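Contents: one structure, followed by commentary.
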Amino acid sequence: MTTLQTPEALATLPVPRDLVATLPVYSTAGGTVPPKWRASSNESFLPPSPAVLAAIDAAARHCQRYPTLQGEPLIAALSGNLGVAAEQIVAGGGSLAVLQQLLTAFAGPGKEVVFAWRSYEAYPILVRLTGAQDIPVPLTAGHGHDLPAMAAAVTADTAAVILCSPNNPTGTVLGAAEVEDFLARIPSHVVVVLDQAYIEFADDAEASSRHSLALLAAHPNLVLLRTFSKAYGLAGLRAGYLVAHPGIAAAVRAVSPPFGLNAVAEAAAVAALADTGALAANVSTVREGRIALHAALASRGLALPDSGGNFLWLPAGEGSAALEAACLAQSVSVRSFAGEGVRVTVGSRDAEAAVLRGVDAWLAGGRV
């Protein structure tokens with residue numbers, strides 16, 4: 001058996017761009033033994049509804065064919081559901097892919113992108129891939145966006161600002177008035193991305209969605225980013241979209257690869273959007289679990305922020321790795337962010353019970 005890992009072979013390998021060495025590594029759940037339960041990836045523990053599974057099966061039977069060029073059937077369905085023009089929507093292989101295309105269109109060398117930190121850990125990766133400089137702004141003591149500090153961080157070189165609400169991984173939610181005030185303070189040539197991947201789980205989800213969509217008319221630089229990975233339970237298929245001014249959407253489409261949304265994901269997303277009963281049931285299950293798990297953790301003396309997502313944030317600080325290990329010992333994975341905290345996905349009641357056993361063991365061990 002031959003190997004390519006000889007010193008001679010390695011010495012002649014092509015050299016990647018310098019920025020590749022600067023990219024942060026997207027974290028994974030710890031442990032070497034697969035856990036019985038996963039509370040680490042913010043995915044749905046509930047399978048798609050029968051209607052969605054039927055759509056998946058039907059689409060998969062024709063996988064020898066190319067999908068639609070830009071996800072036109074999903075765009076048409078979203079246009080009717082959201083009450084916006086089709087030319088304002090760009091669909092793609094998950095909201096992460098759509099965000100990358102947006103940043104490709106508007107950021108680049110010599111530009112800056114401002115976002116809260118800690119927030120979604122893919123942000124600095126995507127920003128640096130464009131050649132732009134990432135500008136992280138620390139969260140407040142309450143684990144939320146420091147909007148005045150973020151506005152102050154905007155300079156003449158700022159191409160975009162990314163807001164995440166509910167914020168991943170802390171769960172904090174930006175109020176309608178906060179968003180509106182922030183937009184009024186940002187120059188109109190700066191793209192403001194409002195990442196709403198978890199909006200369906202927020203307590204005021206419907207009102208918040210209507211409000212953010214209404215803001216598009218007054219603030220043409222606003223971009224809404226949404227996904228079917230979370231509340232709709234399609235994380236494994238990858239379908240997401242943005243809603244923006246037609247001019248911004250056109251620029252994103254121009255840099256997007258053709259056939260970016262596969263046919264199975266598109267069919268599943270269209271069916272999931274129509275199955276409002278399944279969405280409501282999934283969201284209700286998560287909200288009930290979130291309330292119960294939050295109360296159980298608070299009763300143990302832990303101070304954690306209210307969450308609008310399908311997860312909770314435990315600000316464990318230097319004890320984060322130990323808390324993750326304690327949960328893994330109970331055969332449940334959680335997501336640890338070294339020196340900061342642990343994110344726990346809400347869902348399976350058995351998984352939540354295992355997390356509580358892990359927390360109890362961690363507390364008994366002195367939180368280290």
Side-chain angles (χ1 to χ4, degrees), residues 39-46 82 95-96 99 115-123 139-147 150 161-183 192-215 222-233 235 240 243 279-298 302-315 334-335 337 340-347 352 355:
S40 54
S41 296
N42 286 354
E43 59 204 359
S44 175
F45 77 101
L46 298 171
L82 301 174
S95 59
L96 183 61
L99 176 59
F115 51 82
W117 197 253
R118 176 167 291 274
S119 191
Y120 184 32
E121 57 187 316
Y123 294 157
L139 297 176
T140 66
H143 309 286
H145 285 47
D146 188 339
L147 293 181
M150 293 182 71
V161 178
I162 305 175
L163 308 177
C164 187
S165 179
N167 184 50
N168 177 16
T170 62
T172 50
V173 177
L174 291 169
E178 290 181 289
V179 174
E180 206 159 348
D181 178 68
F182 182 79
L183 286 167
V192 178
V193 181
L194 181 55
D195 187 344
Q196 299 180 315
Y198 301 92
I199 188 173
E200 293 87 357
F201 299 113
D203 293 329
D204 65 341
E206 186 175 348
S208 180
S209 177
R210 287 199 307 268
H211 177 261
S212 54
L213 287 166
L215 286 176
L222 175 63
V223 176
L224 306 181
L225 195 65
R226 297 181 180 177
T227 184
F228 287 89
S229 293
K230 311 303 180 183
Y232 290 94
V243 186
L279 174 64
N282 191 8
V283 168
S284 177
T285 298
V286 168
R287 287 177 179 169
E288 290 173 4
R290 186 178 67 201
I291 292 170
L293 185 57
H294 190 286
L297 292 168
L302 298 177
L304 59 160
D306 291 334
S307 173
N310 66 336
F311 55 89
L312 292 174
W313 174 247
L314 282 65
V334 295
R335 186 62 60 89
F337 298 89
E340 297 179 67
V342 169
R343 190 192 68 197
V344 178
T345 305
V346 176
E352 293 162 11
V355 167

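For clarity, every value in this text was computed on a predicted model and none was experimentally measured. Values below: all heavy atoms of this structure, side chains included; hydrogens, waters and symmetry mates excluded.
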What's the shortest heavy-atom distance between Ser165 and Leu174, and which atoms?
OG-N, 2.9 Å

For Phe201, does its backbone N or O pair with a side-chain atom of Arg290 as donor and acceptor, under 3.5 Å?
yes

Using side chain to side chain contact (heavy atoms under 4.5 Å, CB included), reason through Ser95 and Arg226 one step at a time and then give a plain yes or no.
CA-CA 6 Å; Ser95 59; Arg226 297 181 180 177; over 6 Å; no

Separation of Ile291 CD1 from Ser307 OG (nearest 0.5 Å):
11.0 Å

Does Arg118 reach the side chain of Pro169, with side-chain heavy atoms less than 4.5 Å apart?
yes

Looking at side-chain heavy atoms only, is the closest gap between Ser208 and Ile199 below 4.5 Å?
yes

Do you know the tightest heavy-atom contact between Ala197 and Asp195?
N-OD1, 3.2 Å

Quick one: which residue pairs count as a salt bridge (charged side-chain N to carboxylate O under 4.0 Å, His left out) with a foot in residues 166-181, not counting sequence neighbours?
none

Determine, stepwise, if the pair Glu121 / Phe337 fulfils side chain to side chain contact (heavy atoms under 4.5 Å, CB included).
CA-CA 10 Å; Glu121 57 187 316; Phe337 298 89; 3.8 Å; yes

Is a side-chain donor or acceptor of Asp306 paired with a backbone partner of Val173 at a separation under 3.5 angstrom?
no

Please lay out, stage by stage, how Ser44 and Asn282 fare under the test side chain to side chain contact (heavy atoms under 4.5 Å, CB included).
CA-CA 8 Å; Ser44 175; Asn282 191 8; 3.4 Å; yes

Ignoring hydrogens and geometry, is there a side-chain-to-backbone donor-acceptor pair from Thr285 to Ala281 under 3.5 Å?
yes

If you apply the rule side chain to side chain contact (heavy atoms under 4.5 Å, CB included), what do you find for Phe115 with Val193, and how did you get there?
CA-CA 10 Å; Phe115 51 82; Val193 181; over 6 Å; no

Over all heavy atoms of both residues, which pair between Pro166 and Gly308 is shortest? Give the atoms and the distance, please.
CG-O, 3.3 Å

For the residue pair Phe228 and Tyr232, categorise the inter-ring angle as parallel (less than 30°), tilted (30 to 60°) or perpendicular (more than 60°).
tilted

Which pair of heavy atoms, one from Met150 and one from Val161, lies closest together, and at what distance?
CE-CG1, 3.8 Å

Between atom NE2 of His145 and atom CG of Asn167, what is the distance when rounded to the nearest 0.5 Å?
5.0 Å

Do Thr345 and Asn42 get their side chains close enough for a donor-acceptor pair, meaning under 3.5 Å?
yes

Write down the atom of Val286, the atom of Gly309, and the distance for their closest heavy-atom approach.
CG1-O, 4.4 Å

Gly347 versus Glu352, closest heavy-atom pair with distance:
N-OE2, 2.9 Å

Is the backbone N or O of Ala205 less than 3.5 Å from a side-chain atom of Ser209, with the two atoms forming a donor-acceptor pair by type?
no

What is the distance from atom CG of Leu222 to atom CG of Leu213, rounded to the nearest 0.5 Å?
9.0 Å

Rounded to the nearest 0.5 Å, the CD atom of Gln196 sits from the NZ atom of Lys230 at a distance of 14.5 Å

Using side-chain heavy atoms (C-beta onward) and a distance below 4.5 Å, is Leu147 in contact with Leu163?
yes

To the nearest 0.5 Å, what is the distance between CG on Leu225 and SG on Cys164?
9.0 Å

I'd like to know if the side chain of Thr227 reaches the main chain of Ser229, judged simply by a donor and an acceptor atom lying under 3.5 Å from each other, with no hydrogens or angles considered.
yes

Using distance alone, with no hydrogens and no angle criterion, decide if Arg343 and Asn168 have a side-chain donor and acceptor under 3.5 Å apart.
yes

Is the backbone of His143 close enough, under 3.5 Å, to the side chain of Thr172 for a donor and an acceptor to pair up by distance?
yes

